[in-house]
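Heads up, the thing below is written out as structure tokens.
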Amino acid sequence: DLREGKPTVLIAKAAELGAPEDRDTIHALLGTADGIDELTALIERTGALDAVETEIKELEAVADAALATLPAGAEEILGALVHSATRRDR
């Protein structure tokens with residue numbers, strides 16, 4: 001996504017949490033092959049990665065609570081879908 005210049009939630013959060021020079025770096029390097037390592041470090045340094053992962057866990061908990069109100073069997077089927085959509089191997 002970084003190499004392709006996709007405006008992801010991680011990029012938006014890094015821009016939000018970062019300093020003005022971080023936003024300049026994002027604009028300069030997003031979509032370039034040479035900027036991957038620096039952008040990855042910036043995402044982690046600004047706390048964007050932790051913030052987005054925390055938000056995902058919170059939303060997953062909300063989804064799990066909603067699933068618990070569904071009829072028997074639905075929670076098991078839809079729960080697997082929720083978890084596959086919110087968890088990603090690195």
Side-chain angles (χ1 to χ4, degrees):
D1 290 351
L2 297 176
R3 184 176 292 115
E4 295 172 12
K6 293 182 181 176
T8 65
V9 172
L10 278 171
I11 289 296
K13 186 58 77 173
E16 175 188 332
L17 297 175
E21 56 270 14
D22 293 325
R23 288 186 282 283
D24 292 341
T25 299
I26 290 168
H27 290 294
L29 297 179
L30 188 62
T32 68
D34 295 337
I36 302 301
D37 291 339
E38 190 171 347
L39 285 172
T40 300
L42 186 148
I43 288 167
E44 291 182 21
R45 180 177 44 75
T46 59
L49 180 60
D50 290 337
V52 170
E53 287 181 349
T54 296
E55 185 175 356
I56 289 169
K57 288 176 187 170
E58 291 169 355
L59 292 171
E60 187 178 49
V62 170
D64 286 341
L67 289 173
T69 67
L70 297 176
E75 180 179 1
E76 183 178 326
I77 294 167
L78 294 175
L81 179 62
V82 166
H83 294 281
S84 70
T86 59
R87 295 185 183 156
R88 197 171 160 177
D89 293 331
R90 293 185 190 186

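Lys6 approaches Ile11 most closely through the heavy-atom pair O-CG1, 4.3 Å. Residues Ile43 and Ala14 come closest through the heavy atom pair CG1-CB, 4.2 Å. Closest of all the heavy-atom pairs between Glu16 and Arg23 is O-NH1, 4.3 Å. What you find for Ala51 and Lys13 is that their closest heavy atoms are CB-CG, 4.1 Å.
Placement of Leu81 and Val62 in two distinct hydrophobic clusters is found when ILVMFWY residues are connected by side-chain heavy-atom separations under 4.5 Å, directly or transitively. Residues Val9 and Leu59 are members of separate hydrophobic clusters, defined by side-chain heavy-atom contacts under 4.5 angstrom among Ile, Leu, Val, Met, Phe, Trp and Tyr. No continuous path of hydrophobic side-chain contacts links Leu17 to Leu42 [ILVMFWY only; heavy atoms under 4.5 Å].
Around the CZ atom of Arg3, the shell of radius 6.0 Å holds no more than 12 heavy atoms that belong to other residues, nucleotides or ligands.
Evaluation of the side chain to side chain contact (heavy atoms under 4.5 Å, CB included) rule for Ala19 yields Glu21, Asp22 as partners, not counting sequence neighbours. Remark: Asp64 engages Glu60, Leu67, Val82, His83 in a side chain to side chain contact (heavy atoms under 4.5 Å, CB included) (not counting sequence neighbours).
Atom CD of Glu55 and atom CG of Asp50 lie 13.0 Å apart (nearest 0.5 Å).
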In a table with atom names and distances, give each donor-acceptor pair under 3.5 Å that connects a side chain of residues 26-36 to protein atoms at least two apart or in another chain.
| from | atom 1 | to | atom 2 | distance (Å) |
| --- | --- | --- | --- | --- |
| Thr32 | OG1 | Leu29 | O | 2.7 |
| Thr32 | OG1 | Gly35 | N | 3.3 |

